[in-house]
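Working notes for the structure below.
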Amino acid sequence: MKDNAWTRWPSREALGREGISRPRRMIAWAVRLLVIALLLWSAFSQKHVGIWGALAAASGVVLAGVVSWAFFRTTYEHRLLPSLGLIGVLLGIALAAQATGFKGPALVIWCGCGVAALERLPLGAALPVTSVALASYSASNNDVWLTTAATVGGMALAGYVLRLDAEARGGAQRLLAQERAARAAEAESAALGERARIAREIHDVLAHSLSAQLVHLEAARLLIERGADREQILERVVAARGMARDGLAETRQALSALRGELTPLEDFLTELVSGADGAEVTVTGERRPLPAEASQAVRRVAQEALTNVRKHAHGAKVHLRLDYGPHEVTLDVRDSGGPPGELTGSGGGYGLLGMRERAELLGGSLDAGPDEEGFLVTLKVPV
């Protein structure tokens, strides 16, 4: 539905006090106190009334102040009929003041009603109220017509300028509120992203560790079923225990990585293959620190690829090549191949599918498949 400028209220942000600077508030209160002081002085300085008449006039000034405050509240709440009723009471107080000889207070109230109506009411209601108020002022003012016309025009212009200023301030307040909400949403999104990152890191570490343990435990089970000697079975159990210990170490390393305490990637890969026979690492390109997410992706893919080699081509030679390109880092894990091992069906853990999803989240890719001799896993991550 199209917004109608004649029936649209000024926003609550415009009618409220939020966003008004402290000096401006002090000036506004000073003006109000000055007006009230002038009205009271005018009430008590009239010579044609006695003390009781002066007190009655002062009571009228107080009543006008209370009604004005109520008018400000009802306009802030966008209640049209109560607002019109209250400003009608103010116009009536001005008329009574004029009738009893208090011309000065009457003129001030009429001018104030004309300005306040333009500033705080919908234009469709403000224009008639302002017209009545300023017409009453013109009829009661004894100045020459040119001065009266200039005063009336100035009052109308002042009311409209105050309205535009309030709307501009209200718009700024709304934009500020939207910016704060956007920042809060961004912070919440970042927190959720960080939680997802932590969950993914811990999941990857545990999946790799448990998958490696499963390899050795499954081997131990097969050896027991075949009646192998105690030393062979114990070797597998000890290897599984070592994997559990390594898994704890990797979990601590992942938590350290989340804190930004990453060990150099080349050192990690060298340490990763140090316990494997026939495994080597080659690093090409200009070495440089990688973002934490990219570095973690390379580490996890290397771990998963080596686990798959142990499971499906035990004893194969493995070559890891890490290439630092100008726009991306590439990891190749190539094995020499071999006959399928007896642990081929022992479970896949997190697997290359999870690694591929991790790479895609970073805008990279992961390819895995048979090579000329064995199996090749290639990870590319933009940096």
Side-chain angles (χ1 to χ4, degrees), residues 1-36 39 60-96 105-106 108-137 152-185:
M1 182 177 180
K2 187 176 180 180
D3 192 11
N4 192 333
W6 293 98
T7 59
R8 184 182 67 242
W9 283 88
S11 65
R12 289 193 174 186
E13 293 84 1
L15 297 177
R17 293 180 297 176
E18 188 176 357
I20 301 178
S21 63
R22 182 179 179 85
R24 186 169 175 178
R25 289 184 183 182
M26 294 179 64
I27 292 174
W29 276 109
V31 171
R32 292 167 187 166
L33 292 175
L34 178 62
V35 170
I36 292 174
L39 292 176
V61 172
V62 174
L63 176 61
V66 173
V67 174
S68 299
W69 175 84
F71 172 75
F72 275 68
R73 292 301 307 171
T74 56
T75 53
Y76 177 76
E77 296 170 358
H78 291 177
R79 298 165 60 191
L80 182 60
L81 292 180
S83 300
L84 292 176
L86 289 169
I87 204 166
V89 172
L90 287 173
L91 293 175
I93 292 174
L95 184 61
V108 171
I109 293 175
W110 276 324
C111 289
C113 287
V115 172
L118 275 177
E119 180 186 3
R120 303 184 68 86
L121 289 174
L123 286 177
L127 290 179
V129 172
T130 300
S131 299
V132 170
L134 295 183
S136 300
Y137 168 86
V152 168
M155 290 294 104
L157 181 60
Y160 192 67
V161 168
L162 288 175
R163 182 190 188 94
L164 294 179
D165 177 72
E167 284 287 13
R169 177 168 48 83
Q173 290 298 314
R174 288 193 297 273
L175 290 176
L176 180 61
Q178 291 173 3
E179 182 180 358
R180 288 173 178 171
R183 288 181 178 177

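This one's a predicted model, so the numbers in the text were calculated from it and none came from an experiment.
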| note | Quick note, salt bridge (Lys or Arg N to Asp or Glu O under 4.0 Å) partners involving residues 79-95, not counting sequence neighbours, are E77-R79
Can you name the closest pair of heavy atoms from [X] and [Y] and give their distance?
X	Y	value
L134	C111	CD2-CA, 4.5 Å
P122	P10	N-CD, 4.5 Å
A126	A117	CB-O, 3.1 Å
G114	T130	O-OG1, 3.1 Å
L90	A64	CD2-O, 3.5 Å
H78	S11	NE2-C, 4.2 Å

| message | Please enumerate all residues that pass side chain to side chain donor-acceptor pair (under 3.5 Å) together with T74, with sequence neighbours excluded. | response | S83
| message | Holding to side chain to side chain donor-acceptor pair (under 3.5 Å), I want the full list of residues that pass it with Q178, two or more places apart in sequence or in another chain. | response | none
| field | Test item: L95 and S136 side chains (from C-beta on) under 4.5 Å apart, heavy atoms | value | no
| query | Heavy atoms, side chains only, cut-off 4.5 Å: are L118 and L127 in contact? | reply | yes
Listed partners of [X] passing side-chain contact (heavy atoms from CB on, under 4.5 Å), at least two apart:
X	answer
L164	Y160
W69	R73
A133	L91, C113
V89	V67, I93

| said: Per the side chain to side chain donor-acceptor pair (under 3.5 Å) rule, what does the pair list look like for residues 116-129, sequence neighbours excluded? | reply: T75-R120
| said: Using 0.5 Å steps for rounding, measure from the CZ atom of R174 to the CD atom of E179. | reply: 15.0 Å
| request: Determine, for E167 against R163, whether the closest basic-nitrogen to carboxylate-oxygen distance falls under 4.0 angstrom. | output: no
